[in-house]
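What follows is one structure encoded as structure tokens, with my remarks underneath.
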2 protein chains.
Amino acid sequence: MRYHRTDVVERAIEVLDTYGLADLSMRRLGQELGVQPSALYHHFANKQSLLAAIADEILRRGTRPGAPGAPLAEGAWDERCATICHDLRDAMLAYRDGAELVGTVMAFGLGATQPYDELAAALAGSGLPEELRPIAVRTLLHFVLGHTLDEQTHLQAGSAGAIGDGPREGSDFGVGLGLILDGIRSRSEHPRTTPAPPR
Amino acid sequence: MRYHRTDVVERAIEVLDTYGLADLSMRRLGQELGVQPSALYHHFANKQSLLAAIADEILRRGTRPGAPGAPLAEGAWDERCATICHDLRDAMLAYRDGAELVGTVMAFGLGATQPYDELAAALAGSGLPEELRPIAVRTLLHFVLGHTLDEQTHLQAGSAGAIGDGPREGSDFGVGLGLILDGIRSRSEHPRTTPAPPR
DNA sequence: ACCTGAACACCGTTCAAGT
DNA sequence: ACCTGAACACCGTTCAAGT
């Protein structure tokens with residue numbers, strides 16, 4: 001059998017979802033495809049590149065279609081931010097270890113820049129001073145990545161019969177997100193000259 | 001030579017700071033101590049336990065002494081939160097890959113609970129409704145961990161002569177932190193019945 | 001209490017060579 | 001363009017045995 005890049009990514013996602021990130025090795029993936037591990041290096045320069053491609057695909061699958069180039073969410077800036085953050089969370093929760101994978105890839109700046117750009121566009125519609133927007137975007141992303149990683153870790157740890165965690169964590173996410181959006185809103189309405197708190 | 005648990009942790013921190021987290025293997029650490037890798041399993045059940053002990057020690061070293069049991073920071077609740085967050089950031093930045101290590105350990109809930117408890121205590125002095133405090137604490141921690149990981153990754157990547165990143169990132173941290181504290185303050189002064197934003 | 005020595009079951013990556 | 005086969009330099013962990 002001969003494979004394309006996309007075949008490898010697709011199979012890798014299946015392995016990830018079935019066996020977890022720790023078991024997603026180049027050797028294991030090769031075995032799963034019926035191919036030598038070294039064959040994968042024809043499609044990807046190294047494992048990190050493969051992981052970046054997987055992260056991109058997971059985020060792509062979690063994105064609502066929508067006209068390309070069109071605004072990615074409707075409504076007020078805060079509603080658009082909330083939608084983007086919820087979609088990102090949902091995309092990561094859709095696959096086992098999705099948050100850990102996407103978080104690692106984003107931390108090393110290897111791709112998955114789509115959410116960043118979408119949030120920056122949404123925040124352009126707020127009154128937030130332009131120079132604060134990048135840090136606001138990053139603050140939102142750190143929240144979503146960190147919270148979802150926590151959530152997924154605990155969900156998976158207690159997967160043997162734990163109940164009631166879904167709703168609790170779900171509303172928790174909205175509350176934390178609302179807290180940050182409130183902070184952005186207060187800076188949008190009352191810009192300050194000295195924004196940093198004292199040490 | 002015969003070692004204690006604390007000797008192993010101390011040497012591990014030196015290896016971490018000199019060669020990075022990726023090179024901190026049980027075999028490498030054994031070699032550095034002049035001991036078989038298997039000897040380390042007399043002191044730690046597994047590598048994760050060792051990493052948790054290292055994270056605890058890094059945080060302990062970054063903590064200002066202060067009387068045990070006494071309030072860990074003086075002043076208003078927001079100043080105390082800011083101090084705790086800055087100290088946590090500084091502690092992680094003090095060692096190579098410190099943020100990645102502490103972040104991993106905290107994500108798996110293995111220890112390093114000190115910052116959580118300190119922030120919870122500081123927030124008890126705000127007007128924030130009690131049920132919102134845990135999510136506020138976690139939101140602050142996710143910000144500090146995520147931002148510092150970003151910062152350290154980029155600082156280390158451009159360590160060959162990059163200039164001016166320190167101050168920029170430093171103020172960035174304060175701004176993002178101020179954003180979240182503003183959000184907490186707005187909820188403290190104007191509690192809501194429906195805190196979550198719409199999807 | 002602390003360590004050795006040997007083994008088990010793995011890794012990512014490279015590279016000449018094949019079709 | 002895609003893959004094989006073999007090799008290199010590693011991993012974490014276990015376990016009987018030593019002092």
Side-chain angles (χ1 to χ4, degrees), chain A residues 1-55 57 96-97 100-101 103-105 107-111 153 157, chain B residues 1-55 57 96-97 100-101 103-105 107-111 153 157:
Chain A
M1 240 301 199
R2 306 199 130 201
Y3 298 103
H4 293 74
R5 208 174 194 272
T6 53
D7 300 322
V8 178
V9 171
E10 178 147 356
R11 200 89 173 92
I13 290 182
E14 289 174 27
V15 173
L16 173 74
D17 202 43
T18 309
Y19 304 101
L21 185 57
D23 284 350
L24 177 54
S25 65
M26 299 299 267
R27 298 178 108 100
R28 175 65 181 270
L29 180 55
Q31 184 186 308
E32 209 81 20
L33 289 163
V35 124
Q36 295 288 330
S38 54
L40 301 175
Y41 289 85
H42 184 80
H43 302 282
F44 301 93
N46 48 45
K47 190 179 179 180
Q48 274 295 342
S49 306
L50 169 61
L51 294 181
I54 297 172
E57 177 61 18
R96 208 224 278 209
D97 292 337
E100 188 181 349
L101 172 59
T104 305
V105 168
F108 285 77
L110 291 171
T153 302
Chain B
M1 240 300 200
R2 308 200 129 201
Y3 298 102
H4 293 74
R5 208 175 195 271
T6 53
D7 301 322
V8 178
V9 171
E10 179 148 357
R11 200 90 173 91
I13 291 182
E14 289 174 27
V15 173
L16 173 74
D17 201 43
T18 310
Y19 304 102
L21 185 58
D23 283 350
L24 178 54
S25 64
M26 299 300 269
R27 297 177 107 101
R28 175 65 180 271
L29 180 55
Q31 185 186 308
E32 209 81 21
L33 288 164
V35 125
Q36 294 289 330
S38 54
L40 301 174
Y41 290 85
H42 184 79
H43 302 284
F44 301 93
N46 48 44
K47 190 179 181 182
Q48 275 296 341
S49 306
L50 169 61
L51 294 179
I54 297 173
E57 177 61 18
R96 209 225 277 209
D97 293 335
E100 188 181 350
L101 172 59
T104 304
V105 168
F108 284 78
L110 291 171
T153 302

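Just the heavy atoms: all of them, side chains too, but no hydrogens, waters or symmetry mates, feed the values below. Throughout, a chain's letter reflects where its sequence line sits, starting with A, and its residues are numbered from 1.
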**Report entry** Residue met sooner reading DNA chain D from 5', once Lys47(B) and Ala39(B) are mapped to nucleotides
**Finding:**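 The residue whose closest nucleotide sits nearer the 5' end is Lys47(B).
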Would you kindly give the [atom1]-to-[atom2] distance between [X] and [N], to the nearest whole Å?
X        : N       : atom1 : atom2 : value
Leu40(B) : dT14(D) : CG    : P     : 13 Å
Arg2(A)  : dC2(D)  : CZ    : P     : 7 Å
His4(B)  : dA1(C)  : NE2   : P     : 11 Å
Met1(B)  : dT4(C)  : CE    : C1'   : 18 Å
Leu51(A) : dG12(C) : CG    : C1'   : 12 Å

Query - Whole-angstrom distance between dC2(C) and dA17(D), as gauged at atom C1' - result: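 Looking at atom C1' only, dC2(C) and dA17(D) are 13 Å apart.
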Query raised in the report: If we take the P atom in both dC10(C) and dA9(D), what is their distance in whole Å?
Result: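 Each nucleotide's P atom is 22 Å from the other's.
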Could you state the interatomic distance from [atom1] ([X]) to [atom2] ([Y]), rounded to the nearest 0.5 Å?
X        : Y         : atom1 : atom2 : value
Glu57(B) : Glu10(B)  : CD    : CD    : 7.5 Å
Ile13(B) : Arg96(B)  : CD1   : CZ    : 15.0 Å
Asp97(B) : Thr153(B) : CG    : OG1   : 8.0 Å
Leu29(A) : Ile54(A)  : CG    : CD1   : 7.5 Å

Query raised in the report: Mind pulling the stems DNA chain C is in, i.e. runs of at least three Watson-Crick or G-U pairs, everything under 3.5 Å?
Result: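 Output for stems: C:4-8 with D:12-16, C:12-16 with D:4-8.
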Are [X] and [Y] side-chain neighbours, meaning at least one heavy-atom pair lies under 4.5 Å?
X        : Y        : result
Gln36(B) : Tyr41(B) : no
Val15(A) : Asp23(A) : no
Val9(A)  : Phe44(A) : yes

Requested in this report: Verify side chain to side chain contact (heavy atoms under 4.5 Å, CB included) between Leu40(B) and Leu50(B), making sure each step is shown before the conclusion.
Outcome: CA-CA 9 Å; Leu40(B) 301 174; Leu50(B) 169 61; 5.5 Å; no
Requested in this report: Carefully, step by step, assess Leu110(B) and Leu51(B) under the rule side chain to side chain contact (heavy atoms under 4.5 Å, CB included).
Outcome: CA-CA 9 Å; Leu110(B) 291 171; Leu51(B) 294 179; over 6 Å; no
**Report entry** For DNA chain D, the residues among residues 15-38 of chain B that have a non-hydrogen atom under 4.0 Å from it
**Finding:**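 Nucleic-acid contacts, sorted: Ser25(B), Met26(B), Arg27(B), Ser38(B).
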Report task. Please check the phosphate of dC3(C) (OP1 and OP2 only) for any side-chain N or O of His43(B) closer than 4.0 Å. Result ->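 For His43(B), the contact criterion (side-chain N or O under 4.0 Å from OP1 or OP2 of dC3(C)) is met.
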